[in-house]
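Below is one structure, written out as structure tokens; the observations come after it.
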Amino acid sequence: MTTGEKLAYLRKIRGITQEELSEMLNVSRQSVSRWELDAAFPETDKLIKLSKLFECSIDFLLNESIQRNEETADKNMSMAEYYKFIRECGYFFLATSVDNQPRLRPFGMIYSNDETLFISTDKRKKVYSELEESPKVAIASYNPNTGKWIRIIGRVRAEDSPVIREEMFEVYPNLKQVYNSNDGMYLVIYRLLIDEISIA
């Protein structure tokens, strides 16, 4: 993978838009776009910030022959394909962190806009208070037809985009029925800020 491809990959799995990354680095969105297209190269100080943000070495970003483990296995998969993998499993397990102990539960509603993944829950449920207390999560799903697991580690951040909300309603019509205008205030959607994805 080129430096630009790595930057785009790392940005997308963390659920960060080009605009958000440009604000973090105090550059224009066009600069980020040019980096990802390999039409320009980040300056040294920006490379240092990128390596800290994405928790990788500068050498990893610069050297095309160096791949991280999850990229070596899954670098050709898009976010849409990760999403499809989980949907084909039918459900997934969500692990939250409570008092530094994992709490595991089956979960069902997940969505992708091809950039990142989103999950939803109800503010009246215990999982909501757990996620508000600690945003660290892990997701795992098993496909019995292929015998493969997907594992995602990261954090969640509340997503208030009405577009994402409507898109989730289209994918899950029963969600819209449950959260009518009266109960709409209880629905919460979380964006997954992904640190690692692996399939085995």
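Taking D38 as the reference, T2 meet the side-chain hydrogen bond (donor to acceptor under 3.5 Å, both in side chains) condition, with sequence neighbours excluded. Looking at residues two or more places apart in sequence or on another chain, you find a ring pair (Phe, Tyr, Trp, His ring centres under 6.0 Å) between F107 and F92. For F93, the ring pair (Phe, Tyr, Trp, His ring centres under 6.0 Å) partners at least two apart in sequence or on another chain are Y91.
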Give the intermediate values and the outcome of side chain to side chain contact (heavy atoms under 4.5 Å, CB included) for residues T116 and F118. CA-CA 7 Å; T116 191; F118 302 89; 3.5 Å; yes
Just do the side chain to side chain contact (heavy atoms under 4.5 Å, CB included) check on K46 and V27 with the steps written out, would you? CA-CA 9 Å; K46 300 299 186 284; V27 298; 3.3 Å; yes
Using side chain to side chain contact (heavy atoms under 4.5 Å, CB included), reason through R87 and I110 one step at a time and then give a plain yes or no. CA-CA 8 Å; R87 288 295 303 272; I110 191 164; 4.1 Å; yes
Decide side chain to side chain contact (heavy atoms under 4.5 Å, CB included) for L47 and L62; before the verdict, give the C-alpha distance in whole Å, the side-chain angles of both, and the deciding distance to 0.1 Å. CA-CA 9 Å; L47 279 171; L62 299 179; 3.9 Å; yes
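Residues L21 and L53 form a side-chain contact, since some pair of their non-hydrogen atoms from C-beta on lies under 4.5 Å apart. Taking the side chain as every heavy atom from C-beta outward, Y190 and V137 never approach each other to under 4.5 Å. Taking the side chain as every heavy atom from C-beta outward, K6 and F60 approach each other to under 4.5 Å. Here the side chains of I197 and F85 are not in contact, with every heavy-atom distance at 4.5 Å or above. Residues S120 and L175 have side chains in contact (heavy-atom distance under 4.5 Å, counting atoms from C-beta outward). By the 4.5 Å heavy-atom criterion applied to side chains, L187 and D122 are not counted as neighbours. K176 has its side chain out of reach of M168: every pair of non-hydrogen atoms, C-beta onward, lies at least 4.5 Å apart.
Hydrophobic clustering (side-chain heavy atoms under 4.5 Å, transitive across Ile, Leu, Val, Met, Phe, Trp, Tyr) groups F169 together with V188. Under the 4.5 Å side-chain heavy-atom criterion for ILVMFWY residues, a single connected hydrophobic cluster contains both V178 and V171. I119 is not connected to L104 by any chain of hydrophobic side-chain contacts under 4.5 Å among Ile, Leu, Val, Met, Phe, Trp and Tyr, and they are in different clusters. Both L131 and M185 belong to a single network of hydrophobic side chains, linked directly or stepwise wherever heavy atoms of I, L, V, M, F, W or Y lie under 4.5 Å apart. The same ILVMFWY cluster, assembled from side-chain heavy atoms under 4.5 Å apart, contains both Y186 and Y172.
Within a 6.0 Å sphere centred on CD of E43, other residues, nucleotides and ligands contribute 12 heavy atoms or fewer. Other residues, nucleotides and ligands contribute more than 12 heavy atoms inside 6.0 Å of the CG atom of D45. Atom CG of D99 has 12 or fewer heavy atoms from other residues, nucleotides or ligands within 6.0 Å. Environment of NZ in K126: sparse, with no more than 12 heavy atoms of neighbouring residues, nucleotides or ligands closer than 6.0 Å.
Residue pairs meeting the side chain to side chain donor-acceptor pair (under 3.5 Å) criterion with at least one member in residues 103-114, sequence neighbours excluded: T96-R105, R103-E130, R105-E130, Y111-E167. Listed by first and then second residue, the salt bridge (Lys or Arg N to Asp or Glu O under 4.0 Å) pairs that reach into residues 27-36 are R11-E36, sequence neighbours excluded.
Across all their heavy atoms, S57 and S51 have their closest contact at C-CB, 4.2 Å.
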When the side chains of residues 147-155 are checked against the rest of the protein, which donor-acceptor pairs come out under 3.5 Å, sequence neighbours left out?
| unit_1 | atom_1 | unit_2 | atom_2 | d |
| --- | --- | --- | --- | --- |
| R155 | NH2 | D195 | OD1 | 3.4 |

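Under 3.5 Å, the side chains of R124 and Y128 contain no donor-acceptor pair of N or O atoms.
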